[in-house]
Amino acid sequence: MSLDNNKTIRKIQSFVKRSGRLTEGQKYGLNDLWPKYGLDPIADQIIDFQTVFAKRQDVILEIGFGNGDSLLQMAINEPEHNFLGIEVYEAGVGRLINEAHKHNLTNLKVIKEDAVEILKNNIADDSLSGFQLYFADPWHKKKHHKRRIVQAEFMDIISSKLINGGFVHMATDWENYAEHMMEVLEVHPHFKNTLSAHTYSLRPERRPITKFERRGERLGHGVWDLIFDCEK
Ligand SMILES: C[S@@+](CC[C@H](N)C(=O)[O-])C[C@H]1O[C@@H](n2cnc3c(N)ncnc32)[C@H](O)[C@@H]1O
C-alpha cells in the first residue's frame, strides 16, 4: 500500500472516531431530557410561565448556574417556587437536567442562551419574584471591569423584570466585585438593602455552597452575599 493510501485511511479513521464522539451535552443527556427541562425561546416571544411550569407559582431566575448543583438543591428544597436557570455552559446544562430528572423535579426549567438577550427579549416585565447571581465571572483585571455583568443598565433590566417586593441575591468571592455590586445596587432607585446601608449578608441557609465558592475558599478568598429588595 502506498504512503498516500495509508494517509487516507488514517484520515477516515480519525473522521469516524470524531463523528462518533459525543458532545458534552449528549454525554450528559441534553438531547434526551431537553424536552422535559429545556426551553427554546423564540425571538421576541415572551415565555408564558403559566404554561411552561407544572404549577402556577412564582418564578425565581438564576443566571450562570455553572454545574447546576446549588440550583438543583434549591429547587429540591423549595418546591413552593419555580426556578428558571440560564447558562451557556453546555456540560453544566446537561448535568443539571440529568440530576433534575433523577429527582423528578417539575419546578425547574433551563435555557441555554446568553441570559442578557433572553432577559431583554423573552421575559415579561413584572414576572420574576427573585433574581440570583452566584459567583459571576469576576473579570478581575481593571481593564476588563466593563465586561462584568453587574452594571447599572443590567440592574435596570432586572428591576423591570422583577415584581414589586421581589428580591435580588448575589454572592461573589472577589471583594472588589462585591464593592462594585454594592455600589450599583445602592444607587439604584428600585433596590433596597435588606440590612443596613453598605452591609453584606451572611450566606443565608437557603443558598447552598457552589462549586466556584469552594474553589475560591481553597484559594483563600472571602465570600460576600448581597440581598436586596425590589421596591418600585
Ligand atoms: C464563575 S462561573 C459560576 C458558576 C456557579 N454559579 C458557581 O458558583 O459555581 C460563572 C458562570 O456564568 C456563566 N455565564 C456568564 N455569562 C453568562 C451569560 N451572559 N448568560 C448565561 N450564563 C453566563 C458562565 O458560563 C459560567 O458558568
Side-chain angles (χ1 to χ4, degrees), residues 23-25 27-28 30 34 37-41 43 47 59-78 83-100 108-123 128 130-141 144-158 161 167-178 180-181 184 200-227:
T23 68
E24 287 298 291
K27 205 160 56 187
Y28 289 104
L30 196 56
W34 190 249
Y37 290 104
L39 293 180
D40 290 303
I47 303 165
V59 178
I60 296 173
L61 169 68
E62 181 166 324
I63 288 182
F65 53 74
N67 75 0
D69 287 356
S70 79
L71 179 55
L72 175 81
Q73 204 50 54
M74 274 195 181
I76 294 170
N77 294 349
E78 300 178 13
F83 288 86
L84 173 64
I86 311 183
E87 171 59 74
V88 287
Y89 170 49
E90 184 169 288
V93 170
R95 180 185 166 103
L96 176 58
I97 64 178
N98 242 324
E99 293 302 313
L108 176 67
K109 296 285 175 192
V110 176
I111 296 175
K112 189 186 153 303
E113 298 280 349
D114 175 358
V116 179
E117 290 306 309
I118 297 297
L119 272 164
K120 284 183 187 164
N121 302 319
N122 307 103
I123 308 264
L128 300 171
F131 169 65
Q132 307 181 160
L133 182 73
Y134 301 140
F135 305 90
D137 296 316
W139 297 106
H140 57 272
K141 287 187 185 155
H144 293 148
H145 282 185
K146 54 183 177 299
R147 297 188 193 172
R148 289 172 166 172
I149 196 165
V150 178
Q151 307 290 349
E153 305 73 43
F154 177 72
M155 293 317 300
D156 283 342
I157 302 174
I158 295 295
K161 304 300 169 186
F167 73 88
V168 168
H169 183 187
M170 297 181 188
T172 179
D173 59 340
W174 287 86
E175 186 169 16
N176 171 275
Y177 200 4
H180 171 76
M181 288 171 174
V184 169
Y200 297 95
S201 302
L202 289 173
R203 177 175 64 85
E205 222 174 287
R206 73 173 285 275
R207 183 176 75 69
I209 295 180
T210 78
K211 182 181 172 192
F212 269 77
E213 184 169 13
R214 274 205 192 89
R215 183 173 159 271
E217 272 174 2
R218 284 196 297 273
L219 297 170
H221 295 186
V223 174
W224 292 266
D225 278 75
L226 298 89
I227 307 180

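Ligands are counted one by one from 1 in listed order, and the atoms in each one are counted from 1 as well.
Side chain of His180 to main chain of Val150: a donor-acceptor pair is present (N/O by atom type, distance under 3.5 Å, no hydrogens or angles).
Taking the side chain to side chain donor-acceptor pair (under 3.5 Å) definition, one finds that Asp137 meets it with nothing, sequence neighbours left out. Partners of Phe131 by ring pair (Phe, Tyr, Trp, His ring centres under 6.0 Å), not counting sequence neighbours, listed by chain and number: Phe154. Every residue meeting the side chain to side chain contact (heavy atoms under 4.5 Å, CB included) condition with Arg203, not counting sequence neighbours, appears here in chain and number order: Arg207, Ile209, Glu213, Asp225.
Environment of CG in Leu219: crowded, with over 12 heavy atoms of neighbouring residues, nucleotides or ligands closer than 6.0 Å.
Residues lining ligand 1 at a heavy-atom distance below 4.0 Å are given as Gly64, Phe65, Gly66, Ile86, Glu87, Val88, Tyr89, Glu113, Asp114, Ala115, Tyr134, Phe135, Asp137, Thr210, Lys211, Phe212, ordered by chain and residue number.
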Would you please test His169 and Tyr134 for ring-ring contact (aromatic ring centres under 6.0 Å, His included) and show each step?
CA-CA 8 Å; His169 183 187; Tyr134 301 140; 5.0 Å; yes
